[in-house]
Amino acid sequence: MKDTDFTYNIVTYGCQMNEKDSSTMAAMLDQIGGRESSRDDAQLLIFNTCCVREHAEDKVFGNVGALKKQLSERPNLIIGVCGCMMQQKGVAEKFMKKFPFVNFVMGTHNMHQLPQIVLQVVKYGERVCAVWDSEGEIIEELPLRTGKISSYVNIMFGCDNYCTYCIVPYVRGHERSRSKDAIIREVQALSESGTKEIILLGQNVNSYQGGDDRFADLLYSLNEIPGIDRIRFMTSHPKDISLALMNAMKDCDHVCKQLHLPVQSGSNEILRRMNRRYTAEIYREKVMELRQLIPDIALTTDIIVGFPGETSDDFQQTLDLVNDIRFVTGYFFKYSPRPGTPAAKFENQIDEDIKQERLATLLKLQDGITNEYNRSLIGKTLHVMPEKTADRHAGQIIGRSDGGRTVHFLGSSDLLGSTVPVTITDVTGNTLLGVIRN
Ligand code: 5AD
Ligand code: SF4
């Protein structure tokens, strides 16, 4: 593999933040002569890992371990492992030992060093372990992947909330916000390259630059950037969502009427022990306020079942909340103890079979609600931005509605990136089918 001409593939696990990091890494590799190719024939394979739940970690161990067999057929393959899992204390060293064929590991705080690390490995044949203990300053000069219809934009990094179950503050560092000017410049550049939708990313966007409605102010400014038709953002912490933000969502015509607002549990006792700093009543009130301002807002949520000490009564309160609020959809997880977090040491850890049973009950309840919601859209006309053509159905294109629902409909690829009125005709599973309204 020459340093000026090589193929690479990045395998991404976990959240949107990781997807965005992978796209930044791809842009950095392109700058030093890399070309993206498939996982099976790339000369450089990078695993961008997640450690938010044990399941995500197991997948990385399995997939990296499986590469050992392939090395006889691909002796020159270079393997790198990066991301949140590598940033955990002691994990990178353990990983290097366990997998001697891995050429480099890199922490989340070192991502900007990727080109240098790749050259070190390729030119000098070194094995590199680059993991900084703590975050540095935000690095603004990293290259951008441009030209996509929908692009992620980081507005802040890290998290200071320390929910007791969560590993993120330990692997992503303290909360740091980018300057408004830097964000605006980036969005302008994306718009000039053809991007139509931006998705603003942060662990808790409502505390952007320390809160104080700075995020609402940012939305008003981004709403004015020519060529950007849609603005989405995630994630919002219920304790910090303000009336100013709700008003900004209502006022800004390009801000999608969709909000991901993780509730995590419907029980005040569990919320207290999770260190979420709101009650179920406060959450319900905020949702009511929001719906008064924006009646058709599409709300989604995250919930953890089987948090230590969760009784059947606590769980029932979660079911009641889900039943009352009627989220459009939800992401539900079995609690997974993360080493080094407070909750991992709490008493009364819940048995796996109870977690599984609660997860199944919650999924079933939500499935019914999602289905009912989807069906309520039949006959309505939604504004859909098609992003790709369907692989399996010739002539079909796929896009998302303002509220974030996936919609399939017959249309030409010329429509990609535009906003099309589509009348919903049917629902299959989680997908809406529609026809363009003439
Ligand atoms: N176990 C299970 N789910 C978790 N999440 C975060 N940490 C854990 C954990 N230890 C979930 C939360 C969060 C989402 C991104 O992942 O619901 O909102
Ligand atoms: Fe984790 Fe809580 Fe921070 Fe979200 S707000 S990243 S759940 S600590």
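Only this structure's heavy atoms are used, side chains among them; waters, hydrogens and symmetry mates stay out. Just so you know, ligand 1 is whichever comes first in the structure, and atom 1 is the first atom listed for that ligand.
Which parts of ligand 1 touch K334 is read off a 4.0 Å heavy-atom cut-off, strictly below it: atoms 1 (N), 2 (C). Residue Q264 has at least one heavy-atom neighbour below 4.0 Å for each of these atoms of ligand 1: 12 (C), 13 (C), 17 (O), 18 (O). Heavy-atom proximity to R338, at under 4.0 Å, picks out these atoms of ligand 1: 10 (N). Taking every non-hydrogen atom of Y165 and a distance limit under 4.0 Å, the qualifying atoms of ligand 2 come out as 7 (S). Using a 4.0 Å cut-off to heavy atoms of Y162, the atoms of ligand 2 that qualify are 8 (S).
Note on ligand 2: R276 sits in its first shell, one or more heavy atoms being nearer than 4.0 Å.
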Original post:
Does the pair R338 and E57 meet the rule for a salt bridge (Lys or Arg N to Asp or Glu O under 4.0 Å), with working shown?
Top reply: CA-CA 11 Å; R338 303 289 65 214; E57 288 194 336; 3.4 Å; yes
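Here H237 fails the criterion, with no N, O or S atom under 2.8 Å of atom 3 (Fe) of ligand 2.
No side-chain donor-acceptor contact under 3.5 Å links D217 and Y208. Of the N and O atoms on the side chains of S22 and N48, at least one donor lies less than 3.5 Å from an acceptor on the other residue.
Ring-plane geometry between H174 and Y162 is classed as perpendicular, the angle between the planes exceeding 60 degrees on a 0 to 90 degree scale with a lower cut at 30.
Of all the heavy atoms in A42 and L77, the pair that sits closest is O-CD1, 3.3 Å.
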